[in-house]
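Structure first, then comments.
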2 protein chains.
Amino acid sequence: MSRRQDLIDTALKLFYTHGIHAVGINQILEEAGVAKQTLYNHFESKDSLVVAAVERRDDLFFEWLKGRVDSKAPGEEALLEMFDAVDDWVNGRVPSLSEFHGCFFINACGEYSDPSHPVHQRCADHKTRVFKLILAQVEKIKGAGAQAEELANALFMLKEGVIVKAHVEGDSQAAVKARKIARSML
Amino acid sequence: MSRRQDLIDTALKLFYTHGIHAVGINQILEEAGVAKQTLYNHFESKDSLVVAAVERRDDLFFEWLKGRVDSKAPGEEALLEMFDAVDDWVNGRVPSLSEFHGCFFINACGEYSDPSHPVHQRCADHKTRVFKLILAQVEKIKGAGAQAEELANALFMLKEGVIVKAHVEGDSQAAVKARKIARSML
DNA sequence: ACGAGTATAGACAGATCGGTCTGTTTAGGT
DNA sequence: ACCTAAACAGACCGATCTGTCTATACTCGT
């Protein structure tokens with residue numbers, strides 16, 4: 001069980017850092033210190049290792065974000081904490097998420113554009129989970145309804161924009177700017 | 001000159017559809033109907049073809065977006081037109097940009113995460129150009145200043161969020177939702 | 001202490017990768 | 001009609017890719 005986890009963690013780190021197609025199986029094996037046959041005892045193909053890595057990232061990231069959001073009073077404080085959390089992440093203050101290289105799920109969808117592909121589907125599910133996390137907090141303020149939905153969408157897209165701007169443009173202040181905007185929307 | 005352009009256009013289409021590392025030189029040559037040596041007469045390596053493809057996409061996309069924005073009255077109308085344009089794009093109504101597969105520059109940065117890499121740098125430049133396009137329109141309303149900058153950032157990140165949400169989650173309404181939010185901010 | 005299950009190293013296969021080289025054919029300008 | 005430049009097809013190179021196979025060693029419950 002530990003070998004399997006080593007493989008997933010190593011693969012995730014390499015995929016996130018260099019992209020998925022750019023990383024070969026042999027590189028993962030060497031870095032993880034695991035024999036090739038062991039990999040194929042646990043996974044039937046590279047593709048299924050990729051899927052496992054995406055699922056691992058989903059867990060890691062979502063639980064981290066939820067932890068941060070839940071650490072504050074529900075509603076406005078929790079939502080602003082999300083932008084503080086992202087600020088920490090993009091500026092390399094969250095070691096458990098690895099050095100920042102953008103959103104792994106966005107990156108993965110760039111390599112698996114077909115929406116019916118298992119990798120893409122997992123990424124979609126992840127984003128939907130995060131959206132619902134935001135929506136739940138918005139509803140603490142606005143109650144359920146179309147207005148809450150709209151605001152949650154705004155905050156979600158703003159957050160995605162932060163990640164993109166931070167990664168592509170290298171803007172370390174993106175999250176701070178977005179937090180200010182978010183506050184004026186709440 | 002036409003062969004060179006054929007190669008760039010074919011490479012761009014394939015890179016955008018499948019990702020960059022997933023597409024081999026031979027696939028590009030076959031699709032473009034060009035001999036291998038011809039490619040290496042025009043480009044010194046695959047990498048320089050990749051750079052040329054990114055630059056081509058920058059031209060294509062920016063000129064298209066600018067054309068749409070400039071087609072409306074400067075200021076609010078122009079900014080809302082941007083979201084209409086993105087709505088057309090993500091829903092496949094802009095053939096000149098190829099079938100929608102997210103933002104090529106975001107995708108490329110997922111594969112070239114190192115900010116000093118020529119590919120990443122071109123992507124950063126592209127995003128900065130788009131930001132300035134937005135900023136110029138915002139300044140028609142607010143005048144130059146910190147407030148305009150903040151609003152431009154909000155609209156830029158919102159737009160990035162639309163693209164991500166549309167691609168990863170397959171949300172065809174993302175741009176419509178964002179337009180509504182943008183209108184309430186203007 | 002022994003047998004089963006799992007890990008190891010590493011050779012191997014077949015395909016594909018980026019890139020080079022050769023020799024032939026085509027196209028255009030004078 | 002001829003010369004030059006460019007594009008052609010495709011063999012070839014060494015490296016790397018995913019995945020298989022073999023044969024050996026370790027680990028652990030009974």
Side-chain angles (χ1 to χ4, degrees), chain A residues 1-57 104 107-108 110-114 117-120 122, chain B residues 1-57 104 107-108 110-114 117-120 122:
Chain A
M1 199 54 57
S2 169
R3 286 288 110 116
R4 185 188 163 90
Q5 203 53 240
D6 287 347
L7 284 167
I8 293 173
D9 287 341
T10 304
L12 174 54
K13 187 177 142 196
L14 290 172
F15 290 156
Y16 181 42
T17 303
H18 304 291
I20 296 171
H21 287 109
V23 174
I25 234 67
N26 294 318
Q27 190 182 348
I28 296 167
L29 294 171
E30 191 181 353
E31 184 109 350
V34 168
K36 187 172 277 198
Q37 187 54 46
T38 304
L39 188 154
Y40 285 99
N41 286 341
H42 289 290
F43 304 94
E44 66 169 9
S45 65
K46 180 189 178 180
D47 232 51
S48 67
L49 175 58
V50 172
V51 168
V54 172
E55 288 170 348
R56 171 76 174 136
R57 182 73 183 181
F104 182 59
N107 298 350
E111 299 197 62
Y112 295 87
S113 207
D114 177 0
H117 193 287
V119 168
H120 194 120
R122 258 87 173 175
Chain B
M1 198 55 55
S2 169
R3 285 289 109 116
R4 185 185 163 90
Q5 203 51 242
D6 287 348
L7 284 167
I8 293 174
D9 288 342
T10 303
L12 173 55
K13 187 178 143 196
L14 290 171
F15 290 156
Y16 181 42
T17 304
H18 304 292
I20 295 171
H21 287 109
V23 174
I25 235 67
N26 294 319
Q27 190 182 349
I28 296 167
L29 294 172
E30 191 180 355
E31 184 108 350
V34 167
K36 187 172 274 196
Q37 187 54 46
T38 303
L39 188 155
Y40 286 99
N41 285 343
H42 289 291
F43 304 95
E44 67 168 9
S45 66
K46 179 189 179 181
D47 232 51
S48 67
L49 174 59
V50 173
V51 168
V54 172
E55 288 171 348
R56 171 77 174 136
R57 182 73 182 180
F104 181 60
N107 298 350
E111 298 196 62
Y112 295 87
S113 206
D114 178 0
H117 193 287
V119 167
H120 193 121
R122 257 87 173 176

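Just so we're on the same page: letters track the sequence lines, and every chain starts at 1. Predicted, not measured: the structure shown is a model, and the values here were computed from it.
Between A:K36 and A:N26, some side-chain heavy-atom pair lies under the 4.5 Å cut-off. Using a 4.5 Å heavy-atom cutoff, the side chains of B:V50 and B:R122 are not in contact.
Not a single donor-acceptor pair under 3.5 Å links the side chain of B:E31 to the backbone N or O of B:T10. Although no hydrogens or angles enter the test, the distance criterion places no donor-acceptor pair under 3.5 Å between the side chain of B:T17 and the main chain of B:L14. Between the side chain of B:E111 and the backbone N or O of B:G19, no donor-acceptor pair lies under 3.5 Å.
Across the protein-nucleic acid pair, A:L39 atom CG and D:dT20 atom P stand 11 Å apart, rounded to whole Å. When the C1' atom of C:dT8 is taken as reference, atom CG of A:L7 falls 13 Å away, rounded to whole Å. If you take CZ of B:F43 and P of C:dG19, they are 13 Å apart, rounded to a whole angstrom. One can place CG of A:N41 at 14 Å from C1' of C:dA4, the figure rounded to the nearest angstrom.
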| query | So A:R4 and A:L7, side-chain contact (heavy atoms from CB on, under 4.5 Å) or not? Walk me through it. | reply | CA-CA 5 Å; A:R4 185 188 163 90; A:L7 284 167; 5.7 Å; no
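Judged by distance alone, with hydrogens and angles left aside, A:Q37 brings a side-chain donor or acceptor within reach of the base of D:dC21, the pair sitting under 3.5 Å.
For B:R3, taking side-chain heavy atoms from C-beta onward, the closest of the listed nucleotides D:dC8, C:dG18, D:dT18 is D:dC8.
Contact annotation: B:R4 does not reach the phosphate of D:dA6 (side-chain N/O to OP1 or OP2, under 4.0 Å). Side-chain nitrogen and oxygen atoms of A:T38 include at least one within less than 4.0 Å of the OP1 or OP2 phosphate oxygen of C:dT8. Regarding contacts with the backbone of D:dA7, a side-chain N or O of B:H42 is found under 4.0 angstrom from either OP1 or OP2.
The stretch residues 26-36 of chain B touches DNA chain C through B:N26, B:K36, each having a heavy atom under 4.0 angstrom from the strand. Of the residues in residues 9-20 of chain A, not one comes within less than 4.0 Å of DNA chain C through any heavy atom.
Partners of A:N41 by side-chain contact (heavy atoms from CB on, under 4.5 Å), not counting sequence neighbours, listed by chain and number: A:Q37.
Test A:Y112, A:F104, A:F15 against A:V54 for side-chain contact (heavy atoms from CB on, under 4.5 Å) and you get one pass: A:F104.
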